[in-house]
Amino acid sequence: MDSIALTRAHRLITVQLVASAAALGTLAGHLLAGPFVAGFAGALAAVGSWAGSAYARRRALAEFRRECDAAADDGYAEGLAQTVLIGIATYQAAVFPIEPGSVSEEEAAARRRVAYGISAYDGLPHQVRASAAAALEAIDHGLDPEPARRALRDLATTVYEQRGR
């Protein structure tokens, strides 16, 4: 639910609350002292319920916006971590191809630039950044694909553990 829909729903509830409070105040005032007190009690109940509702809406919307911003930040970091994993996995596939000679040097260099570029983004959690650096180092310095596979597996585990934090 977006902020506009939440505000509209809260305003509709406020209208119903104010109308109910005015009706109850009018009825109570009429039963206790007559028409003048009924009007005064109804107006007072309506103003009081409107003021309380406006205060509550302001606080509720502020909390809603904080939660939305936090969720957006978390989602951005999770998406970025997934992108790092995919970028490094494609770089690993270029360095250690299944068919020898199937990946050109230019393509491997391009995938390396992309993997390093994505891994340097500021929004990455520290654990993912450290694991990505280890994976990139294993791919760059290894002639054996097994340490690179282990490092990529560790990166995938780190990315998975970061979800929902």
Side-chain angles (χ1 to χ4, degrees), residues 1-93 110-139 149-165:
M1 178 179 262
D2 62 348
S3 181
I4 295 171
L6 184 67
T7 302
R8 184 168 188 266
H10 200 279
R11 284 187 179 154
L12 289 173
I13 291 169
T14 299
V15 167
Q16 292 176 348
L17 178 68
V18 168
S20 298
L24 286 173
T26 303
L27 180 63
H30 186 66
L31 288 175
L32 292 175
F36 177 73
V37 174
F40 182 73
L44 188 62
V47 168
S49 63
W50 175 80
S53 182
Y55 176 72
R57 178 177 49 245
R58 188 171 296 125
R59 289 186 60 203
L61 289 177
E63 183 64 28
F64 179 74
R65 284 188 191 104
R66 271 195 299 277
E67 292 294 326
C68 284
D69 291 345
D73 290 345
D74 290 345
Y76 178 76
E78 286 179 18
L80 196 56
Q82 290 289 334
T83 305
V84 167
L85 177 62
I86 291 168
I88 292 176
T90 57
Y91 174 48
Q92 180 193 14
R111 289 185 182 187
R112 182 178 192 271
R113 276 192 307 275
V114 168
Y116 271 90
I118 292 171
S119 298
Y121 283 159
D122 288 335
L124 274 175
H126 176 71
Q127 294 87 351
V128 174
R129 188 176 291 188
S131 186
L136 288 169
E137 182 180 5
I139 294 169
R149 283 192 193 111
R150 276 195 307 268
L152 191 64
R153 224 175 297 132
D154 291 343
L155 174 61
T157 303
T158 304
V159 168
Y160 178 76
E161 289 171 351
Q162 290 298 310
R163 288 177 43 196
R165 283 190 179 188

Discussion item. Test your reading of the model: is there a side-chain donor-acceptor pair from Ser131 to the backbone of Gln127, 3.5 Å cut-off?
Written reply: no

Fill in: Interatomic spacing from OG1 in Thr90 to CZ in Arg112 - rounded to 0.5 Å
13.5 Å

Worksheet item: Does Arg66 use its side chain to pair, donor to acceptor, with the backbone of Leu61 at less than 3.5 Å?
Response: no

Item to complete: Considering non-hydrogen atoms only, spot the tightest contact between Val37 and Ala33 and give its length.
Response: CG2-CB, 3.5 Å

Fill in: Nearest-0.5 Å distance, CG of residue Leu136 to OH of residue Tyr116
4.5 Å

Worksheet item: Distance from Leu152 atom CG to Leu85 atom CG, nearest 0.5 Å?
Response: 6.0 Å

Practice prompt. List the atom of Gly25, the atom of Ala45, and the distance in Å for their closest heavy-atom pair.
Written response: CA-CB, 4.3 Å

Worksheet entry | Heavy-atom closest pair, residues Ile88 and Ile139 | CG2-CD1, 3.8 Å

Discussion item. Quick one, Arg149 and Gln92 - any side-chain contact, counting heavy atoms below 4.5 Å?
Written reply: yes

Worksheet item: Side chains of Val159 and Val84: does their closest heavy-atom pair fall under 4.5 Å?
Response: no

Worksheet item: Which atom names give the shortest non-hydrogen contact between Tyr121 and Leu80, and what distance separates them?
Response: CD1-CD1, 3.0 Å

Item to complete: Using atom types as modelled and distance alone, determine if a side-chain donor or acceptor of Ser53 lies under 3.5 Å from a backbone N or O of Ser49.
Response: no

Fill in: Spatial distance of atom CZ (Arg11) from atom CG (Leu17) [nearest 0.5 Å]
15.0 Å

Fill in: Atom pair OG1 (Thr158) and NE2 (His126), whose distance is rounded to the nearest 0.5 Å
11.0 Å

Worksheet item: What are the two closest non-hydrogen atoms of Pro125 and Gln162, and how far apart are they?
Response: CB-OE1, 3.6 Å

Worksheet item: Does His30 NE2 have over 12 foreign heavy atoms under 6.0 Å away?
Response: no

Discussion item. Just verifying a value: how many Å separate Glu63 CD and Glu67 CD, rounded to the nearest 0.5 Å?
Written reply: 5.0 Å

Discussion item. Show the nearest heavy-atom pair for residues Ala132 and Leu155, with the distance to one decimal.
Written reply: N-CD1, 3.7 Å

